[in-house]
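In what follows, a single structure is set out as structure tokens and then discussed.
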Amino acid sequence: MLSTSRLRSILDWTNQRCQLCHLPLTNNERVWCHHCISHFPQPPYCRRCGATTLTYVDRCGYCLSSPPPWQRLFRLGEYRPPLRQCVQRYKFNGKFWLAHPLGQHLAAHIENPAPLLLPVPLHPRRRWLRGFNQSTALAWSIAAITGSQVAPHGFHRIRHTPVQKQLSRHQRQQNLRGAFELTLKNLPHHVAIVDDVVTTGSTASALTNLLKRSGVQTIDIYCICYTPMPK
């Protein structure tokens with residue numbers, strides 16, 4: 001266990017150095033320096049599915065023919081450096097406190113925030129190994145800005161599934177079949193699902209369909225990153 005003095009020194013260093021380039025922060029900088037933040041990848045994207053586009057559009061060509069089941073997707077950027085490093089350190093390196101600045105940045109991009117936020121659930125085994133649910137921490141950080149409510153256990157993962165990183169879109173869909181259940185009743189008409197990274201949208205689609213079957217009319221997706229994949 002870290003001593004109090006050692007923990008204080010780590011926190012002092014964290015508050016004084018950019019968490020990406022490790023250069024000293026100025027008085028008006030927090031967590032990341034302005035230079036690193038300016039390189040967060042934020043290209044225009046389709047407001048429906050999240051795919052990168054030449055200009056911001058309400059529906060891209062793919063969504064006109066085969067739209068996702070949700071209504072809007074709000075993202076901070078693409079899953080590439082340096083934003084990718086931020087997510088990896090937050091998710092895998094135990095820097096759970098990064099949920100606060102990441103959530104603040106994302107909340108600034110959200111229009112008409114949903115009154116209720118539902119984090120993507122982790123299976124208890126994976127949560128135990130990681131130590132926390134990154135989507136839940138992110139949801140609480142967003143809610144602190146938007147004034148939304150958070151239902152940390154609104155979804156329950158009832159089946160442990162293999163990691164989806166190397167799976168195709170079809171394999172992901174099959175992998176998630178019957179993996180979730182909705183534990184809430186009397187949901188509001190407008191709800192947002194919170195996740196750290198959206199790739200194929202298979203997880204978001206599975207959860208969205210559960211909400212739609214329960215009568216929810218408007219469903220948004222809030223995520224830090226979107227990973228482009230061939231459709």
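From a predicted model like this one, the values you see are computed outputs, not experimental measurements.
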More than 12 heavy atoms of other residues, nucleotides or ligands under 6.0 Å from [atom1] of [X]: yes or no?
{"X": "H189", "atom1": "NE2", "answer": "no"}
{"X": "N186", "atom1": "CG", "answer": "no"}
{"X": "L54", "atom1": "CG", "answer": "no"}
{"X": "H100", "atom1": "NE2", "answer": "no"}
{"X": "F96", "atom1": "CZ", "answer": "no"}

Could you tell me which residues satisfy salt bridge (Lys or Arg N to Asp or Glu O under 4.0 Å) with R47, sequence neighbours excluded, listed by chain and number?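 R47: salt bridge (Lys or Arg N to Asp or Glu O under 4.0 Å) contacts with D58.
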D196: partners by salt bridge (Lys or Arg N to Asp or Glu O under 4.0 Å), with sequence neighbours left out: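 If we apply the salt bridge (Lys or Arg N to Asp or Glu O under 4.0 Å) test to D196, skipping adjacent residues, the hits are K91.
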Measure the shortest side-chain to side-chain distance between [X] and [Y] over non-hydrogen atoms and say whether it is less than 4.5 angstrom.
{"X": "K212", "Y": "P69", "value": "yes"}
{"X": "D195", "Y": "I221", "value": "no"}
{"X": "L98", "Y": "W32", "value": "yes"}
{"X": "P101", "Y": "R30", "value": "no"}
{"X": "R48", "Y": "P68", "value": "yes"}
{"X": "Q42", "Y": "L83", "value": "no"}
{"X": "W70", "Y": "I193", "value": "no"}
{"X": "S141", "Y": "L106", "value": "no"}

Between [atom1] of [X] and [atom2] of [Y], what distance do you get to the nearest 0.5 Å?
{"X": "L122", "Y": "T136", "atom1": "CG", "atom2": "OG1", "value": "7.5 Å"}
{"X": "S202", "Y": "L207", "atom1": "OG", "atom2": "CG", "value": "11.0 Å"}
{"X": "C49", "Y": "R72", "atom1": "SG", "atom2": "CZ", "value": "12.0 Å"}
{"X": "C33", "Y": "L20", "atom1": "SG", "atom2": "CG", "value": "7.5 Å"}
{"X": "L211", "Y": "L184", "atom1": "CG", "atom2": "CG", "value": "9.0 Å"}
{"X": "R157", "Y": "F180", "atom1": "CZ", "atom2": "CZ", "value": "3.5 Å"}

If hydrophobic clusters are built from ILVMFWY residues whose side chains come within less than 4.5 Å, do [X] and [Y] share one?
{"X": "L76", "Y": "I110", "answer": "yes"}
{"X": "V31", "Y": "I145", "answer": "no"}
{"X": "W97", "Y": "I224", "answer": "yes"}
{"X": "F74", "Y": "V57", "answer": "no"}

Apply side-chain contact (heavy atoms from CB on, under 4.5 Å) to N112 and H190, showing your working. CA-CA 10 Å; N112 186 27; H190 185 192; 4.0 Å; yes
Please tell me whether R75 and T52 have a donor and an acceptor in their side chains that are separated by less than 3.5 angstrom.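 Indeed, the side chains of R75 and T52 share at least one donor-acceptor pair under 3.5 Å.
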Shortest non-hydrogen separation from [X] to [Y] and the atoms involved:
{"X": "I158", "Y": "H156", "value": "CG2-CD2, 3.2 Å"}
{"X": "N133", "Y": "V120", "value": "ND2-O, 3.1 Å"}
{"X": "T53", "Y": "T55", "value": "OG1-O, 2.6 Å"}

Is it true that a side-chain atom of [X] and a backbone atom of [Y] form a donor plus acceptor pair closer than 3.5 Å?
{"X": "S65", "Y": "Y62", "answer": "yes"}
{"X": "Q88", "Y": "N93", "answer": "no"}
{"X": "E78", "Y": "Y226", "answer": "no"}

Donor-acceptor pairs under 3.5 Å, side chain of residues 147-155 to any protein atom, not counting sequence neighbours: which ones?
| residue | atom | partner | partner atom | Å |
| --- | --- | --- | --- | --- |
| S148 | OG | A114 | O | 2.6 |
| S148 | OG | T146 | OG1 | 2.8 |

Would you call the rings of Y45 and Y56 parallel, tilted or perpendicular, where under 30° means parallel and over 60° means perpendicular?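 Answer is perpendicular, since the angle exceeds 60°.
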